[in-house]
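In what follows, a structure is listed as structure tokens, so that the remarks can point back to it.
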Amino acid sequence: MSPIVKAYQLCQDWQQTKALKPYKNVVFHGPNYYLPNHNGPSLATFHDLSVFKYPEFHPKARRDYMFKAVSKSLRRADIIITDSQFIRAEMIEFSGFDPSRVLVIPLAASKEFHPRIQYECQAILNKFHLNYKSYMLYAGTVEPRKNLKSLLDAYDLLPETFRKNTPLVIAGYRGWRSDDIHERLKKASSAGWAKYLGFIDSEDLPFLYSSAKTFVYPSVYEGFGLPVLEALASGVPVVCSNASSLPEVAGDAALMCHHADVNTLFQMLIESAEDEAWRASAITKGLQHAQSFSWQRTVDQTLDAYKLAANL
């Protein structure tokens with residue numbers, strides 16, 4: 001049984017037990033799209049609308065589940081929370097919700113993501129056989145929506161010496177429909193210019209960020225794009241797509257281009273590695289921009305949303 005289908009069935013069982021029936025005067029928050037029946041104020045966080053905007057990026061079981069569950073959540077919600085202004089605008093258009101009841105509450109990077117000198121990172125670098133500030137990093141699930149095909153195409157255009165001196169490192173869970181990407185990664189690894197690390201423990205990941213020369217994130221669509229913010233907070237220059245919410249998250253600290261523009265991505269990879277003046281400026285701007293996001297603000301704004309729902 002698919003985990004998505006199983007989750008949906010568990011949710012249905014939960015509703016059938018009427019577990020929330022006694023709680024008529026409390027606010028219920030569904031932090032990941034879904035809301036059960038609740039005789040009281042309800043909020044749902046919608047992180048993105050990718051299953052509706054790009055259904056081809058999702059397995060059928062997930063699509064079937066979300067098509068049903070999301071429509072129910074929209075009928076039940078008093079307040080909708082989104083992670084970015086971009087998704088807020090999409091949600092208003094998609095749902096027809098009163099704009100005053102669709103709120104933006106941005107996420108933030110963990111305090112573990114901050115700049116580190118080589119000595120602090122060396123044990124983790126040794127673990128993965130990497131060199132400090134000598135690789136470009138992508139961190140995230142390996143799946144079609146993340147557009148790693150374009151990243152590999154752009155890396156293919158780089159001079160051989162550049163690729164071998166600054167290999168591409170991919171860190172993340174092996175997602176669905178990624179066999180072709182992994183096949184290319186095997187060939188690139190054999191040629192000496194790429195390395196796939198697989199899923200990385202949360203304790204190790206901040207050190208991989210801090211040690212990277214450039215962080216690259218050419219995603220087609222993001223509700224927020226937390227890895228970009230984590231890279232900025234780590235003092236690492238960023239090259240990313242200008243899709244959906246990423247310009248909000250990156251501010252003016254990153255080099256950005258259309259996700260399908262391989263030639264521009266290729267040029268930006270070179271600039272991010274070799275233009276020292278831009279790198280210094282990008283690091284400074286990135287650290288400042290990352291500081292404008294905080295989990296305390298996220299908590300405070302979420303509490304304000306609860307108060308708003310309770311007083312409707």
Side-chain angles (χ1 to χ4, degrees), residues 83-84 106-118 120-121 124-125 128 130-142 145-148 150-151 154-155 166-173 195-197 199-257 259 265 268-276 278-295:
D83 302 330
S84 63
L107 307 179
S110 164
K111 63 181 180 180
E112 298 302 319
F113 292 93
H114 60 81
R116 289 179 168 88
I117 61 174
Q118 182 173 351
E120 297 175 277
C121 302
I124 301 302
L125 291 171
F128 295 107
L130 297 172
N131 295 316
Y132 188 74
K133 299 299 181 183
S134 295
Y135 60 89
M136 294 192 177
L137 176 68
Y138 162 86
T141 304
V142 180
R145 180 166 62 93
K146 302 303 184 178
N147 195 33
L148 295 180
S150 290
L151 177 54
Y155 239 81
T166 315
L168 174 63
V169 173
I170 306 291
Y173 177 76
K195 183 186 287 284
Y196 175 59
L197 303 183
F199 179 79
I200 301 298
D201 291 337
S202 59
E203 295 83 359
D204 293 344
L205 190 58
F207 295 89
L208 289 177
Y209 271 94
S210 297
S211 301
K213 192 173 188 68
T214 300
F215 183 80
V216 193
Y217 204 74
S219 180
V220 174
Y221 180 95
E222 293 292 324
F224 186 76
L226 188 56
V228 167
L229 190 60
E230 292 170 341
L232 296 179
S234 300
V236 177
V238 170
V239 174
C240 65
S241 71
N242 59 9
S244 55
S245 63
L246 291 178
E248 292 177 54
V249 177
D252 64 351
L255 295 174
M256 290 181 280
C257 65
H259 64 84
L265 179 57
M268 287 181 172
L269 294 177
I270 293 178
E271 183 177 354
S272 75
E274 298 183 348
D275 187 335
E276 293 300 333
W278 176 83
R279 285 180 57 81
S281 174
I283 290 170
T284 299
K285 289 180 179 179
L287 289 170
Q288 292 172 346
H289 185 63
Q291 289 173 0
S292 68
F293 298 82
S294 78
W295 283 120

If I take atom [atom1] from residue [X] and atom [atom2] from residue [Y], how far apart are they, to the nearest 0.5 angstrom?
X      : Y      : atom1 : atom2 : answer
Leu205 : Phe199 : CG    : CZ    : 8.5 Å
Asn131 : Thr166 : CG    : OG1   : 10.5 Å
Ser244 : His259 : OG    : NE2   : 9.0 Å
Tyr155 : Leu148 : OH    : CG    : 12.5 Å
Ser210 : Tyr132 : OG    : OH    : 7.0 Å
Tyr173 : Thr141 : OH    : OG1   : 8.5 Å

With [X] via side-chain contact (heavy atoms from CB on, under 4.5 Å) - residues at least two apart:
X      : answer
Ser245 : Ser84, Phe86, Glu222, Glu248
Ser294 : Gln296, Arg297
Cys257 : Thr264, Leu265, Met268
Ser281 : Lys285

Report task. Kindly state each residue pair satisfying salt bridge (charged side-chain N to carboxylate O under 4.0 Å, His left out) with at least one member in residues 204-213, sequence neighbours excluded. Result -> Lys127-Asp204
Requested in this report: With sequence neighbours excluded, tell me which residues meet ring pair (Phe, Tyr, Trp, His ring centres under 6.0 Å) with Tyr221.
Outcome: Tyr54
Report task. Using ring pair (Phe, Tyr, Trp, His ring centres under 6.0 Å) as the criterion, list what pairs up with Tyr196, not counting sequence neighbours. Result -> His182
Kindly give the heavy-atom pair with the smallest separation between [X] and [Y], and that separation in Å.
X      : Y      : result
Phe128 : Leu208 : CD1-CD2, 3.9 Å
Cys240 : Ala250 : SG-CB, 4.3 Å
Lys146 : Tyr217 : NZ-OH, 3.0 Å

Query raised in the report: Which word best sums up how the rings of His289 and Phe293 line up, parallel for under 30°, tilted for 30 to 60°, or perpendicular for over 60°?
Result: perpendicular
**Report entry** Leu130 and Phe207: CA distance, side-chain angles, deciding distance, side chain to side chain contact (heavy atoms under 4.5 Å, CB included) verdict
**Finding:** CA-CA 11 Å; Leu130 297 172; Phe207 295 89; over 6 Å; no
Query - Residues forming a salt bridge (Lys or Arg N to Asp or Glu O under 4.0 Å) with Asp275, sequence neighbours excluded - result: none
Report all side-chain donor-acceptor pairs from residues 223-239 shorter than 3.5 Å, counting only partners two or more places apart or in another chain.
unit_1	atom_1	unit_2	atom_2	d
Glu230	OE1	Tyr209	OH	2.9
Ser234	OG	Glu230	O	2.7

Contacts of type side chain to side chain donor-acceptor pair (under 3.5 Å), residue [X], not counting sequence neighbours:
X      : answer
Gln118 : Gln122
Ser272 : Thr214
Ser211 : none

Requested in this report: Keeping the roles fixed (side chain from Ser292, backbone from Gln288), state whether a donor-acceptor pair exists under 3.5 Å.
Outcome: no
Query raised in the report: Any donor and acceptor pair, going by atom type alone, linking the side chain of Asn242 with main-chain N or O of Met256 inside 3.5 Å?
Result: no
